Structures are given as structure tokens and as C-alpha cells.
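Shown next, in C-alpha cells, is the structure this report addresses.
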Amino acid sequence: MRIATWNINSIRSRHARAIDWMVREDVDVVAFQEIKCTEAQFPLAPFEEAGYEVVLHGLNQWNGVAIASRHPIEDVEIGFPGQPGFLKGHEGPDAPLEARAIGATIEGLRLWSLYVPNGRALDDPHYAYKLDWLATLAADTRDWLAADPELPLALMGDFNIAPLDSDVGDPSFIPGLSTHISPPERTAFSAFEKAGLRDVVRPIRPDGFTFWDYKQLRFPRNEGMRIDFILGSQAFADRVVDASIHREERKGDGPSDHVPVVVDLDLGLEDDDDRPMIF
DNA sequence: ATGTCCATTATTAATGGA
């Protein structure tokens with residue numbers, strides 16, 4: 001079983017490229033972020049023709065998350081418990097939720113596609129929202145794993161945080177001045193580890209960025225950021241056999257500014273064709 | 001030169017978000 005997370009930056013602009021990659025790379029499940037459309041606008045037909053079922057949450061041209069799968073999708077959840085909302089100029093407990101989280105169960109795996117708020121600036125209300133959003137999700141993670149310590153859970157998405165200094169290759173991110181690298185954001189990220197998750201890609205692929213800004217020739221200069229992650233519980237991590245960052249997807253015509261991050265799992269499925277059949 | 005891209009609102013250009 002091969003699963004991926006990918007901030008696609010408009011599924012309407014890039015669905016052909018996305019599906020080409022999914023078929024070519026034999027990907028079973030993709031958690032998409034920034035689909036930038038509503039359910040009525042989502043290009044379902046080409047996914048279905050390629051053999052993928054899709055569940056999604058999209059409210060408008062901003063944000064939007066989806067999960068596409070070759071296997072049956074069960075127990076879909078829009079948003080996580082206690083998820084805070086945000087509306088510029090209308091901050092507070094009554095702010096509406098944004099389309100940033102969708103959860104589903106596939107082959108017994110509990111998967112979340114997550115688009116963590118950007119934060120915008122250290123003194124922007126969006127930054128406090130980002131930290132609140134992350135803290136609530138970490139608390140939920142603790143609850144989910146307390147209820148079932150053997151749950152194969154993965155949080156997949158664009159976390160908009162570079163946990164390590166080596167994850168920062170873009171010189172416009174300046175310590176003390178920029179989001180994505182501030183100590184409170186890094187502490188918020190480490191809370192997922194305390195809750196029982198770990199980055200299941202980094203031990204296998206310690207190097208590489210997942211995002212390069214369109215501006216300033218960031219990709220040709222390889223001035224990127226590592227901000228897209230798959231965080232798995234013990235039971236999920238136990239099934240991981242490989243991982244990869246598909247840097248080639250930043251090349252060519254009309255790429256997203258993010259690339260797919262992939263993990264390969266051994267679920268012991270009889271129809272898993274990644275292993276030779278022995279009769 | 002922010003060496004850009006996307007979607008929307010508005011009517012060929014401005015806005016907001018990243």
C-alpha cells in the first residue's frame with residue numbers, strides 16, 4: 001500500500017498532472033491540500049476513471065482538503081473535535097471553521113489530510129490561530145491514541161512548519177522575524193511527538209525539501225523548505241517499509257509549489273502486488 | 001524586479017492568499 005500527501009495548489013489546475021503521477025507511481029491513497037474548490041467544482045470524473053474514490057471538504061477558493069483512494073473510504077470526518085475557526089476581522093470563538101481537515105479510514109488506517117494555517121506574520125491574528133489549531137489537534141491525537149493505543153493513525157499534510165534549521169533553505173525565512181521557524185511553532189510541532197506520533201519519512205529520507213516558492217527562482221536555486229509531513233502512530237510506523245519525496249514533480253509545466261511525500265506500507269494484504277507471489 | 005501562481009470580482013485590471 002502506497003500513500004502520499006500533496007499540497008496540490010488548485011486541483012482544477014492540476015488534476016491531470018496529479019492523476020498521471022498517481023497512476024505512474026502506483027499510489028493507492030493521496031491526501032491533498034489546497035484543492036481550492038467546492039465539492040461541486042471538484043474534477044471527480046477523471047479520478048473515478050483512473051480508479052479513485054474521492055472524499056473532500058471545500059468551502060470556497062481558499063484552502064480545501066481531499067482524500068483520493070483506490071480502496072474503500074470509511075468513517076469520513078470533516079474537521080477535528082474542537083477545531084478553531086478564523087475569519088479576518090472577525091477573530092474569536094465564533095469565527096467560522098475553514099476547510100483544513102478531513103479524516104477517513106482506509107484499510108484500517110485512520111488518515112487525516114491537514115492544511116495547517118500559514119500564520120502570515122508573528123504579530124498577525126492568523127499566527128495565534130495557527131498555534132491554537134495545532135494545540136487542539138495535538139490534544140485530539142492524545143485522545144485518539146488513549147482510546148486505542150494500537151490505532152494505525154497518520155496525520156498527513158502541509159504543516160507550514162520547518163522543524164529543523166536544516167529544513168530551511170529559503171533565505172526569506174529569517175530567525176526572529178518569520179513564521180514557520182519560530183520556537184512556538186516548533187514547540188507546537190513537537191507536541192505531536194509527545195502525543196505518540198513520529199515523522200515516518202525522515203528516518204528513511206533525512207534530506208530534501210518538499211516546497212519551493214514560485215518566486216525568486218527558489219526551485220532552480222534549491223532554496224526550499226521541508227514543511228510537508230506524515231506523522232504516524234506506533235502501529236502505523238510499524239507498517240512502514242519505505243518513504244520518498246518526489247522532487248521531480250516540482251519540474252515541468254505547471255507544477256504545484258509542493259511535491260508529493262510518500263510512504264510505502266506492508267499491511268499484509270493478499271492482493272498487495274509489491275511482493276512476489278509464491279505458490 | 002517579490003524574476004510567481006491561483007481564484008475571484010470585475011470588465012482588462014485589481015485583490016487576497018500563499
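Each chain gets a letter, A, B and so on, in the order its sequence line appears, and its residues count up from 1. Nothing here was measured: the structure is a model prediction, and the numbers come from that model.
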Sequence neighbours excluded and cut-off under 3.5 Å, please list the side-chain donor-acceptor pairs for residues 194-201 of chain A, or say none.
| from | atom 1 | to | atom 2 | distance (Å) |
| --- | --- | --- | --- | --- |
| A/Arg198 | NH2 | A/Gln234 | OE1 | 2.5 |
| A/Asp199 | OD1 | A/Val201 | N | 2.9 |
| A/Asp199 | OD1 | A/Arg202 | N | 3.1 |

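Distance noted for atom C1' between B/dT2 and B/dG16: 16 Å (whole Å). Of the P atoms belonging to B/dC6 and B/dA10, the separation is 22 Å, rounded to the nearest Å.
In this structure the side chain of A/Lys130 reaches within 4.5 angstrom of the side chain of A/Asn160, judged on heavy atoms. Side-chain contact between A/Asp213 and A/Asp170 is present, with heavy atoms from C-beta onward closer than 4.5 Å.
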Protein heavy-atom contacts under 4.0 Å, written 5' to 3' over nucleotides 5-18 of chain B as B (base), S (sugar-phosphate only) or - (none), form the string SSSS-------BBS

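Just one residue in the list A/Ile106, A/Ile102, A/Thr105 forms a side-chain contact (heavy atoms from CB on, under 4.5 Å) with A/Leu111, and that residue is A/Ile106.
In this structure, A/Arg218 atom CZ and B/dT2 atom C1' are separated by 9 Å, rounded to whole Å.
A distance below 6.0 Å separates the ring centres of A/Phe189 and A/Phe229.
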